[in-house]
A.B. asks: 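Here you go, one structure.
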Amino acid sequence: MPPFPNLQINDSVPAGEREEYSNFGYAVLGAALTAATGQEYGDLVAKHVLSPLGLPRDAMQAHPPQRSRLLPTGRFGHSMKPWTMTGAILPAGGLWASPRTLSRVLTGLVLDRSLGEPSLGWQRTGPLPLIWHNGATRTASMFAGAVPDGRWTVVHRLSSSYNVTDRVGLDYLRTAHSL
């Protein structure tokens, strides 16, 4: 019996022939960066991403801000508990940010190329050509995408699957006028 019988391995193509996004890969990368620098992940993001984009250090954080958070409601109309992802998995998508912050990160990294070419974490697909990233939790999903002619969008939806959110973002980019 193999050591991890439930681990599915995608071996349909030889290594290096196709990119595939991996939350686990970003968790490992984050652990390597924090080990190599001796700094917390949030401090690295603030210094190397947020500050060069003109954003304050607390523009992205591991816990939702108490005064300005939008949470879906559950049964009986009560706000659901905020989703958090801390510890080693934080670099895989555990940072909270406002739509305004996400917009600045998207335009700064993808359109303005303020930090050079967008990293491989940004997906590249389709005839537009589109550079995008998405994320989802149990209670929310977001899509951030841009095309080279300057069109861009950030979509955040509560209580919606990432497929619906992605479709809203893609539909907008297909129909928006170029800048």
Side-chain angles (χ1 to χ4, degrees), residues 15-71 82-126 128-157 162 165-166 169-170 172-173 179:
E17 280 193 18
R18 182 178 73 206
E19 297 177 8
E20 190 165 323
Y21 183 82
S22 166
N23 280 340
F24 178 70
Y26 277 89
V28 171
L29 177 60
L33 290 170
T34 59
T37 63
Q39 297 179 40
E40 295 290 323
Y41 183 72
D43 294 336
L44 292 170
V45 170
K47 179 179 179 181
H48 298 285
V49 179
L50 300 177
S51 180
L53 295 176
L55 292 166
R57 192 242 177 279
D58 64 350
M60 288 185 175
Q61 46 194 310
H63 298 283
Q66 288 294 328
R67 291 191 197 116
S68 61
R69 63 183 185 191
L70 185 59
L71 299 171
W83 173 83
T84 59
M85 202 163 87
T86 59
I89 198 69
L90 180 64
L95 293 174
W96 284 73
S98 70
R100 178 172 287 156
T101 294
L102 290 176
S103 298
R104 177 63 191 124
V105 169
L106 171 67
T107 58
L109 296 181
V110 175
L111 292 176
D112 302 339
R113 312 275 166 117
S114 298
L115 301 178
E117 286 296 309
S119 75
L120 294 177
W122 290 94
Q123 307 293 308
R124 292 150 174 85
T125 56
L128 288 175
L130 173 67
I131 298 178
W132 63 277
H133 198 79
N134 67 359
T137 67
R138 176 175 56 92
T139 59
S141 58
M142 64 77 52
F143 170 91
V147 291
D149 66 10
R151 289 176 289 160
W152 62 273
T153 191
V154 170
V155 179
H156 177 252
R157 294 171 49 94
Y162 71 91
T165 304
D166 289 357
L170 288 170
Y172 173 79
L173 288 172
L179 300 176

A.B. asks: So, for Gly25 and Ser22, which heavy atoms are closest and what is the spacing to 0.1 Å?
C.D. replies: N-OG, 2.8 Å
A.B. asks: Heavy atoms only: give me the nearest Ile131-Pro118 pair and the separation to one decimal.
C.D. replies: CD1-CG, 4.4 Å
A.B. asks: If you take all heavy atoms of Leu173 and Ala146, which pair is closest and at what distance?
C.D. replies: CD1-N, 4.2 Å
A.B. asks: Below 3.5 Å, can you tabulate the donor-acceptor pairs from side chains in residues 44-61 to any protein atom, sequence neighbours excluded?
C.D. replies:
residue	atom	partner	partner atom	Å
Arg57	NH2	Asp43	OD1	2.3
Gln61	NE2	Asp58	O	3.2

A.B. asks: Would you name the heavy atoms of Trp96 and His63 that are closest together and state the gap between them?
C.D. replies: CD1-C, 4.0 Å
A.B. asks: Give me the ring orientation class for Phe143 and Trp132: parallel if the planes are under 30° apart, tilted from 30 to 60°, perpendicular past 60°.
C.D. replies: parallel
A.B. asks: Can you tell me how far apart CG (Leu111) and CG (Leu106) are? Round to the nearest 0.5 Å.
C.D. replies: 6.0 Å
A.B. asks: How long is the gap from OG on Ser98 to NE2 on His156, to the nearest 0.5 Å?
C.D. replies: 10.5 Å
A.B. asks: Would you indicate whether the side-chain heavy atoms of Val155 and Tyr172 approach each other to under 4.5 Å?
C.D. replies: no
A.B. asks: Measuring from atom CD of Gln123 to atom CG of Leu130, what distance do you get when rounded to the nearest 0.5 angstrom?
C.D. replies: 10.0 Å
A.B. asks: For Arg104 and Ser114, run side-chain contact (heavy atoms from CB on, under 4.5 Å): C-alpha distance rounded to whole Å, both residues' side-chain angles, the deciding distance at 0.1 Å, then the answer.
C.D. replies: CA-CA 11 Å; Arg104 177 63 191 124; Ser114 298; 4.2 Å; yes
A.B. asks: Check for a donor-acceptor pair, side chain of Tyr26 on one end and backbone N or O of Gly121 on the other, with a separation under 3.5 Å.
C.D. replies: yes
A.B. asks: Give the minimum heavy-atom separation between Pro129 and Val147, together with the two atoms involved.
C.D. replies: O-CG1, 3.4 Å
A.B. asks: How far apart are the closest heavy atoms of Tyr41 and Thr34, and which atoms are they?
C.D. replies: N-CG2, 3.5 Å
A.B. asks: Using only heavy-atom distances, determine whether the side chains of Trp152 and Thr107 contain a donor-acceptor pair under 3.5 Å.
C.D. replies: no
A.B. asks: What residues form a side chain to side chain donor-acceptor pair (under 3.5 Å) with Ser141, not counting sequence neighbours?
C.D. replies: Thr165
A.B. asks: For the backbone of Ala136 and the side chain of Asn134, can you confirm whether one donor and one acceptor N or O come within less than 3.5 Å of each other?
C.D. replies: no
